[in-house]
Peer 1: 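Mind having a look at this structure? Questions to follow.
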Number of protein chains: 2
Amino acid sequence: MPSNQVKLIDIARKLDVSVGLVSIVLSGKSKERRISNELTKKVIETAKELGYMPNQLARGLRTGKSGILGLLVADIANPFFGTMARYIENEAAKLGYQVLFGSSDENPEKLEDLINVFISRQVDGMIIVPVNKSENYLSSLQKQSIPFVFIDRYCSGFDAHAVVSDNYDGAYQLTSLLIDKGYKKIANLVYNIQLSNIIDRINGYTSALENAGLNDPDEDLVFKVGFDQLDARLDTVLKQITEKGCDSIFFANNNLGIQSLKFIDTYGLSIPKDIGIVSFDNPEAFHVVKPGITCFEQPIELMCKQAITVLQEKILGKKEIEPALISLPGKLIMRESC
Amino acid sequence: MPSNQVKLIDIARKLDVSVGLVSIVLSGKSKERRISNELTKKVIETAKELGYMPNQLARGLRTGKSGILGLLVADIANPFFGTMARYIENEAAKLGYQVLFGSSDENPEKLEDLINVFISRQVDGMIIVPVNKSENYLSSLQKQSIPFVFIDRYCSGFDAHAVVSDNYDGAYQLTSLLIDKGYKKIANLVYNIQLSNIIDRINGYTSALENAGLNDPDEDLVFKVGFDQLDARLDTVLKQITEKGCDSIFFANNNLGIQSLKFIDTYGLSIPKDIGIVSFDNPEAFHVVKPGITCFEQPIELMCKQAITVLQEKILGKKEIEPALISLPGKLIMRESC
DNA sequence: ATCAATTGCTCAAACGTTTGAGTAATAAAA
DNA sequence: TTTTATTACTCAAACGTTTGAGCAATTGAT
């Protein structure tokens with residue numbers, strides 16, 4: 001099934017030159033391959049005239065570079081990952097890459113399938129948001145030569161490049177803020193999955209409590225809720241939190257924050273008087289809601305820039321840059337929820 | 001630069017059979033090509049053993065099908081398009097496609113560039129959110145044989161397949177609701193770009209006013225604001241609206257609604273008493289904010305399903321399905337903002 | 001015993017590029 | 001005038017698949 005698009009040979013025939021010459025000209029190698037200016041001009045002209053566009057499949061097959069990057073997020077519909085995708089798109093475009101995306105839904109099998117698809121498609125590199133229970137597969141991935149960078153979370157158990165925001169610091173700042181405002185019994189609502197970012201946020205929270213002498217070893221105020229059955233469990237967990245007498249809550253991410261706000265609204269508790277609120281991430285809703293939610297905004301754009309930079313270096317294979325965890329500072333957004 | 005991935009020839013050599021045979025087996029054509037069960041099993045086995053993954057570039061080059069769909073939205077960071085991307089991803093995956101995406105930022109040149117890139121990459125089909133001033137290029141696109149479907153908006157001036165939500169109806173319902181609640185002077189805030197969905201929403205709004213005898217031909221209450229310089233202009237336009245004595249506003253989409261809410265909050269106007277609010281789209285923020293914003297939710301999932309269905313039909317080229325505008329009903333979400 | 005049909009495989013071209021190697025013609029140097 | 005360099009091209013293999021055509025061996029029909 002040959003395509004009906006204009007190809008090199010069409011240009012070659014029209015000018016009565018070889019296909020190779022046309023290829024050389026159109027890939028900008030006229031100088032180094034000593035093609036005359038005259039012919040070069042003619043080729044470029046008729047290429048434009050005929051509307052030639054290179055077949056990237058053929059080109060990729062020959063050169064071994066597809067010009068495609070794979071982006072694997074948890075869920076592209078989540079605005080956090082959506083804006084991440086946008087920045088990745090921008091940065092990738094600057095380097096001449098297009099991006100193929102996939103959503104893992106925090107499911108390791110899906111992640112594996114998608115990465116395999118990416119490999120099949122000969123992506124030049126991948127940006128991966130790793131999920132729980134995917135360490136084995138990902139470590140096997142690393143043994144192959146396909147370049148990738150983790151983003152948002154890192155993978156413990158093996159060394160790989162990762163770009164994350166400073167989750168520990170963010171959690172520490174948010175928790176400390178609550179403490180400074182006089183809150184004494186601070187709950188932390190997180191997902192019940194083992195992700196580096198969640199864990200770091202719990203640690204930041206705990207450290208802040210300890211530093212303030214507020215950590216009660218007998219009473220664990222870290223509440224975990226399932227990733228999928230969010231709505232169902234959230235209501236009961238929030239009730240637990242209030243029944244335990246907590247005077248404030250630190251939400252570990254945008255979803256937890258937003259969904260919880262819906263319920264809290266129905267409890268007749270007023271923010272920040274009855275209950276103080278802080279959250280990781282800065283979705284629109286936190287800005288629009290009254291009172292505005294104090295939160296920690298992740299440096300998504302910077303993360304993406306760094307991720308692409310590292311990835312590009314790995315792809316070009318310049319120096320063997322050694323695996324490192326790049327942790328970037330975020331921004332505390334002060335509003336009225338505490 | 002030959003890849004170091006396992007390829008057909010590696011399997012062939014190991015079993016001392018031809019490359020063609022391996023290809024036949026692994027593409028599931030053993031039966032029709034009469035390959036013995038015995039060999040079939042062996043091939044599949046060693047393929048798995050060696051971790052074979054087909055090179056989709058080579059396959060695509062040979063077959064003329066890349067297995068990739070192009071998705072061109074206005075901005076993937078916008079949750080509306082983000083969830084659209086997600087549903088497209090899901091539906092595409094069911095048919096064995098991956099999706100390459102791009103954001104046009106409502107810019108016709110970017111749109112053109114991105115579509116050209118998609119074509120260069122030999123996408124099997126495209127799902128396009130058309131933008132203002134892109135009609136010429138898009139109509140030229142249609143003359144080529146590359147299948148595409150418009151989504152969210154259609155393109156006037158030529159016939160092409162498009163899947164949109166019933167924008168007229170949604171606007172009519174929202175406006176009528178305001179009228180029923182007793183609001184008399186209803187402003188409509190829209191983007192100042194010529195997009196079919198915006199236009200249809202304005203028409204729905206106007207019809208509702210006319211039907212209620214509220215349309216004052218001497219006073220145009222449709223306020224237009226630029227797409228890019230949103231923040232700057234929005235404040236002044238909103239002040240205009242209140243100064244003109246409007247008692248309610250119909251926002252034409254999620255962005256306009258959300259951004260406006262931030263300003264309205266500072267004017268000391270109480271919703272819905274001083275000013276009634278309704279909006280197109282149903283972002284999280286409309287649910288969380290107090291009072292909740294009554295709005296019209298678009299059937300994004302359904303739109304995506306239909307778009308992919310139509311696209312697949314065009315790709316397979318079954319029957320020459322004739323261009324049609326598919327308009328899908330949305331859902332009125334009643335909350336407390338009017 | 002002969003011819004036809006079926007089974008089970010191999011061959012090699014083709015998809016559209018890129019690129020190292022080769023070549024013919026002209027110019028410069030000896 | 002011969003040799004060397006330079007210029008401006010062409011050639012053809014290769015990237016990893018797929019697939020129509022071909023072929024040898026076996027089976028079935030006559």
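The chains referred to below are lettered A, B, ... by the order of the sequence lines, with proteins before strands, and numbering in each begins at 1. Hydrogens, waters and symmetry mates play no part in the numbers below; they use all other heavy atoms, side chains included. Fair warning: this is a prediction, and the values are worked out from it, not measured in the lab.
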Peer 1: So does Asn116(B) have more than 12 non-hydrogen atoms from other groups sitting under 6.0 Å from CG?
Peer 2: yes
Peer 1: Identify the residue among Asp152(B), Ile326(B), Leu325(B) that makes a side chain to side chain contact (heavy atoms under 4.5 Å, CB included) with Val164(B).
Peer 2: Leu325(B)
Peer 1: State whether Arg62(A) places a side-chain N or O below 4.0 Å from either non-bridging phosphate oxygen (OP1 or OP2) of dA14(D).
Peer 2: no
Peer 1: Please state how far atom CD in Gln56(B) lies from atom P in dT18(D), giving the value in whole angstrom units.
Peer 2: 9 Å
Peer 1: Assign each of Thr40(B) and Ala58(B) to its nearest nucleotide of DNA chain C by heavy atoms, then name whichever residue's nucleotide is nearer the 5' end.
Peer 2: Thr40(B)
Peer 1: Does a side-chain N or O from Ser23(B) land closer than 4.0 Å to OP1 or OP2 of dT18(D), or not?
Peer 2: yes
Peer 1: Quick check with a 6.0 Å cut-off and a 45 degree axis cone: is Lys314(A) positioned over the face of Phe148(A)'s six-membered ring?
Peer 2: yes
Peer 1: Starting at atom CD of Glu32(A), determine the distance to atom C1' of dT6(D), rounded to an integer number of angstrom.
Peer 2: 17 Å
Peer 1: Can you tell me how far C1' of dC9(D) sits from CG of Leu15(A), to the nearest Å?
Peer 2: 14 Å
Peer 1: For dT19(C) and Lys29(A) - does any side-chain N or O of the residue sit under 4.0 Å from the phosphate oxygens OP1/OP2?
Peer 2: yes
Peer 1: Are the side chains of Lys14(B) and Val17(B) in contact, using a 4.5 Å heavy-atom criterion?
Peer 2: no
Peer 1: Closest nucleotide of DNA chain D for Ile24(B) versus for Ile24(A): which of these residues is on the 5' side?
Peer 2: Ile24(A)
Peer 1: With a cut-off of less than 4.0 Å, is there a side-chain N or O of Lys7(A) near OP1 or OP2 of dT17(C)?
Peer 2: no
Peer 1: Report yes if some heavy atom in the side chain of Met84(A) is under 4.5 Å from a heavy atom in the side chain of Ile127(A); otherwise report no.
Peer 2: no
Peer 1: If you fit an axis to the five pairs at each end of the helix from dT2(C)-dA29(D) to dA30(C)-dT1(D), how big is the angle between those two axes, to 10 degrees?
Peer 2: 60°
Peer 1: Salt bridge between Glu45(A) and Lys42(A), side-chain N to carboxylate O under 4.0 Å?
Peer 2: no
Peer 1: Calculate the interatomic distance between Leu57(A) atom CG and dT17(C) atom P; express it in whole Å.
Peer 2: 10 Å
Peer 1: Provide, to the nearest angstrom, the distance between the NZ atom belonging to Lys65(A) and the P atom belonging to dG16(D).
Peer 2: 14 Å
Peer 1: State which of dT17(C), dT17(D), dC9(C) makes the closest approach to the side chain of Leu8(A).
Peer 2: dT17(C)
Peer 1: Would you indicate whether Asp105(B), at its atom CG, is surrounded by more than 12 heavy atoms from other residues, nucleotides or ligands within a distance under 6.0 Å?
Peer 2: yes
Peer 1: With a 4.0 Å cutoff (strictly under), does any side-chain N or O of Arg59(A) reach OP1 or OP2 of dT18(C)?
Peer 2: yes
Peer 1: Specify the separation, in whole Å, of atom CD of Gln122(A) and atom C1' of dG16(D).
Peer 2: 9 Å
Peer 1: Just how far, in rounded Å, is C1' of dT17(D) from CG of Asn55(A)?
Peer 2: 14 Å
Peer 1: Does Glu32(B) have more than 12 heavy atoms from other residues, nucleotides or ligands lying within 6.0 Å of its CD?
Peer 2: yes
Peer 1: Below 3.5 Å is the cut-off: list the nitrogen or oxygen pairs between protein and nucleotides 4-8 of chain C, distance only.
Peer 2:
from: dG8(C); atom 1: N7; to: Arg34(B); atom 2: NE; distance (Å): 3.2
from: dG8(C); atom 1: N7; to: Arg34(B); atom 2: NH2; distance (Å): 3.1
from: dG8(C); atom 1: O6; to: Arg34(B); atom 2: NH2; distance (Å): 3.1

Peer 1: Examine distances only and state if a side-chain atom of Arg121(B) and a backbone atom of Gln56(A) form a donor-acceptor pair shorter than 3.5 Å.
Peer 2: no
Peer 1: Within the distance-only criterion (no hydrogens, no angle test), does the side chain of Thr63(A) pair as donor or acceptor with the backbone N or O of Lys65(A) below 3.5 angstrom?
Peer 2: yes
Peer 1: Please give, in whole Å, the distance from dT10(D) P to Leu21(A) CG?
Peer 2: 5 Å
